[in-house]
Amino acid sequence: MTHRNADSPAATGEELKACCAAAYSSDVVALLLGDAYHPGGTALTRRLADGLRLTEDCRVLDVASGRGTTALLLADLHGVTMDGLDYSPANTALAQGAAAAAGLGERAVFTTGDAEHLPYPDGVFDAVVCECALCTFPDKARAAAEFSRVLRPGGRVGITDVTATPDRLPPELTGLAARIACIADARPPAQYAEILAAAGLRTIRTERHDAAMTRMIDQIEARLNLLRLTAAAKLTDGGVDLEAAPAVLAAARRSVADGILGYALLIAEKSP
């Protein structure tokens, strides 16, 4: 994809969010990632849900809900009422369609909106989930404050996200394209915990799932190699740089092996 440089002053927060939303609602991303848009897939989502103490009377918010995979899984698995919010109207429409097709339309409602300005009253949710998205938000502190605001006292936030040591990232993993790929603005787990703490959310569990990141890199590489043979034009039309992709994937794999890049699960709790 052709984007304005992330380091340019002209690349505003709104433009960054718009780029991310456009990327993650594109058919090319769906081809490369399949149904699970984050490392660990639904297995890690289930583990995340276990830490949230969900019961059928819970109301849960999925921030950056994408095409609805996480929200629909939690609605079906735990019987909770789900609200999904995504910056992309295209994703919202797809998620609504998926909810209707699954017979979950009454328990899973999707809205287009901004994670940094959640369109909900204070204290209405029992839990908030945010998978592989906090790292892409330009104002992470504002988003965390919004998570806390809409949570009831004693409610929990569950996050799975890319982790990184930003000053050690190789050049291939910086810039706007890497930001959209959830890498360039990712933080170490301790920094995510600090961001949450500043919003009144105390982290009570942190788990590393770096192997899930490696598996996703392998999956993308395998799909890319297949699509290079069967749908190369679709990839290039969608903005995939076929010449640069192998170096980017190799750099990502090395960075995981060196402990620079990874994936983590965090559970945080709002004070009662």
Side-chain angles (χ1 to χ4, degrees), residues 17 20-22 24-27 29-30 33-38 40-134 136-137 143-161 201 265-270 272:
K17 286 183 279 191
C20 286
Y24 280 92
S25 60
S26 73
D27 291 337
V29 169
L33 298 183
D35 293 332
Y37 275 35
H38 61 85
T42 57
L44 193 55
T45 299
R46 289 168 184 261
R47 184 166 182 83
L48 185 71
D50 288 343
L52 296 176
R53 304 182 303 191
L54 300 179
T55 58
E56 288 189 0
D57 60 344
C58 286
R59 184 181 179 189
V60 182
L61 173 63
D62 181 10
V63 179
S65 51
R67 300 185 178 203
T69 302
T70 292
L72 297 180
L73 175 66
L74 298 186
D76 184 47
L77 189 64
H78 293 278
V80 299
T81 299
M82 292 294 309
D83 288 76
L85 178 126
D86 198 85
Y87 201 79
S88 163
N91 276 344
T92 301
L94 288 167
Q96 288 172 336
L104 294 169
E106 293 185 0
R107 287 196 286 115
V109 177
F110 296 90
T111 301
T112 300
D114 188 342
E116 296 170 10
H117 306 277
L118 295 176
Y120 306 101
D122 297 354
V124 295
F125 292 103
D126 299 287
V128 173
V129 297
C130 184
E131 295 210 84
C132 208
L134 181 59
T136 69
F137 299 157
E146 284 289 274
F147 296 173
S148 183
R149 179 183 65 78
V150 301
L151 265 183
R152 65 165 177 80
R156 291 188 171 187
V157 173
I159 292 169
T160 63
D161 221 325
L201 301 165
L265 177 154
L266 292 87
I267 303 287
E269 189 170 70
K270 183 175 178 178

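Heads up: numbering here begins at 1 and tracks the sequence. What you see is a predicted model; the values in this text were computed from it and never measured.
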For A127 and L52 the tightest heavy-atom approach is CB-CD1, 4.4 Å

Heavy-atom side-chain proximity of T45 to L74 below 4.5 angstrom
yes

Not counting sequence neighbours, which residues clear side-chain hydrogen bond (donor to acceptor under 3.5 Å, both in side chains) with T92? List them please.
T112

Under 3.5 Å, side chain of R156 to main-chain N/O of I267, donor-acceptor pair present?
no

Keeping T111 on the side-chain end and L85 on the backbone end, is there a donor-acceptor pair under 3.5 Å?
no

If a pair satisfies side-chain hydrogen bond (donor to acceptor under 3.5 Å, both in side chains) and one of its residues is in residues 74-83, list it, with sequence neighbours excluded.
R59-D83

Kindly compute the distance separating CG (L104) from CE (M82), expressed to the nearest 0.5 Å.
11.0 Å

Would the distance check show the side chain of R152 and the main-chain N or O of K270 forming a donor-acceptor pair, the cut-off being under 3.5 Å?
no

As an exercise, state the distance from CG of D126 to OG1 of T55, rounded to the nearest 0.5 Å.
7.0 Å

With no hydrogens and no angle check, is any side-chain donor or acceptor of R149 less than 3.5 Å from a backbone partner on L118?
yes

Side chains of Y87 and T136, heavy atoms from C-beta outward: is any pair under 4.5 Å?
no

Under the side-chain hydrogen bond (donor to acceptor under 3.5 Å, both in side chains) test, residues paired with Q96 that sit two or more places apart:
none

Please answer whether the main-chain N or O of A75 pairs with a side-chain N or O of R107 as donor and acceptor at a distance below 3.5 Å.
yes

Show the nearest heavy-atom pair for residues L72 and A98, with the distance to one decimal.
CD1-CB, 3.6 Å

Any donor-acceptor pair under 3.5 Å from S148 side chain to A144 backbone
no

In the structure I gave you, are the side-chain heavy atoms of L151 and L201 within less than 4.5 Å of one another anywhere?
yes

Distance col, row R47:CZ vs L265:CG, nearest 0.5 angstrom, shows 7.0 Å

Please report the closest heavy-atom contact between A95 and G66, naming both atoms and the distance.
CB-O, 3.9 Å

Quick one: does D161's side chain have a donor or acceptor within less than 3.5 Å of a partner on L134's backbone?
yes

Heavy-atom pair with the smallest gap, counting every atom of V124 and Y120
CG2-CB, 4.2 Å

Between atom OG of S65 and atom CG of L94, what is the distance when rounded to the nearest 0.5 Å?
11.0 Å

Of all the heavy-atom pairs spanning G68 and F110, show the shortest one and how long it is.
CA-CE2, 3.8 Å

Heavy-atom side-chain proximity of V128 to E146 below 4.5 angstrom:
no

